[in-house]
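Naming convention: chains lettered A, B, ... in sequence-line order (proteins, then strands); numbering from 1 in each chain. Owing to the predicted nature of the structure, the values given are computational and were not obtained by experimental measurement.
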Amino acid sequence: MAYWLMKSEPDAFSIDDLASRPEQTEHWDGVRNYQARNMMRDQMKMGDRIFFYHSGCKVPAIVGVAEVVKESYPDFTAFDASSKYYDPKSTEENPRWFMVDVKFVEKFKRAIPLKQLKTMPELNELALVKKGCRLSIMPVADHEWQAISKLNQ
DNA sequence: GCCAACGTTGGC
DNA sequence: GCCAACGTTGGC
C-alpha cells in the first residue's frame, strides 16, 4: 500500500465536503498537471491512503485522511464544455486527463499546519515543504506518513 | 493582493 | 530544441 498527499482548496472542496458526500466518496476531478495525472493514472491503487491537504487558505494544513476506492478512469469534466475543467484536447476516444475516487477516512482532531510540517526534520524530503512546490498530488514515504500520523494522537 | 516559482505554449 | 512570454499555483 502506498501513501499520498492531495491538495484541495477548502473553498472549492474541503474535507468536510468529502465527509458529507453520499458514501463519503467523491471523484477527484480537475487535475490538469501531467506529473500529478501520471501518479493518479499509473500508481494510485485501491486502498492507498491519502493525506487531505487544504491549500490556498488562511492556514494551509493537513486536515485528515482519505483512501482510494476507485482506480483511475477518464476525468469526464474535461469533456464538458460548460465545465471550468473543460479541455477540448481530451476526448472520450483519447482521454488526456484521469481521476480516481477517494473516500473519507478521518478528520484530524487538530489540523497540522504547513508551518509545523516545515519544522520536522523527518519531512525534509517531502515535496510539500520544498520551496516552490506546486504539485497538487505527491507521494508520501512510509516514514513520513508515520511521523505525521503520530501528531494525530 | 503580492510575488516567486514553476509549467506550458508557441515562435523561431 | 531553445527560450521568452504568459498563466497558474499557493504561501505569505
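A:Tyr34 is linked by a ring pair (Phe, Tyr, Trp, His ring centres under 6.0 Å) to A:Trp97, counting only residues two or more places apart in sequence or in another chain. For A:Lys70, the salt bridge (charged side-chain N to carboxylate O under 4.0 Å, His left out) test picks out no residue, with sequence neighbours left out. Partners of A:Arg21 under the salt bridge (charged side-chain N to carboxylate O under 4.0 Å, His left out) rule, at least two apart in sequence or in another chain, are A:Glu26. Scored by the side chain to side chain donor-acceptor pair (under 3.5 Å) test, A:Thr77 finds A:Arg32, A:Asp75 as partners (sequence neighbours excluded). Taking A:His27 as the reference, A:Phe76 meet the ring pair (Phe, Tyr, Trp, His ring centres under 6.0 Å) condition, with sequence neighbours excluded.
Residue pairs that meet the ring pair (Phe, Tyr, Trp, His ring centres under 6.0 Å) test with at least one member in residues 113-149 of chain A, sequence neighbours left out, are A:Tyr3-A:Trp145, A:Phe51-A:Trp145. Within the structure, every pair that satisfies the side-chain hydrogen bond (donor to acceptor under 3.5 Å, both in side chains) test and touches residues 37-49 of chain A, not counting sequence neighbours, is listed here: A:Trp4-A:Asp48, A:Asn38-A:Arg41.
In summary, contact between chain A and DNA chain C, defined as any nucleotide atom under 4.0 Å from a heavy atom of the protein, begins and ends at C:dG7 to C:dC12 in the 5' to 3' direction.
Nucleic acid contact class of A:Lys58 (heavy atoms, under 4.0 Å, all strands): none. Within 4.0 Å of A:Glu9, counting heavy atoms only, lies no atom of the nucleic acid at all.
DNA chain C is contacted by no residue of residues 123-132 of chain A, taking any non-hydrogen atom closer than 4.0 Å.
Listed for the A:Ser90 side chain is a donor-acceptor partner under 3.5 Å among the backbone atoms of A:Arg96.
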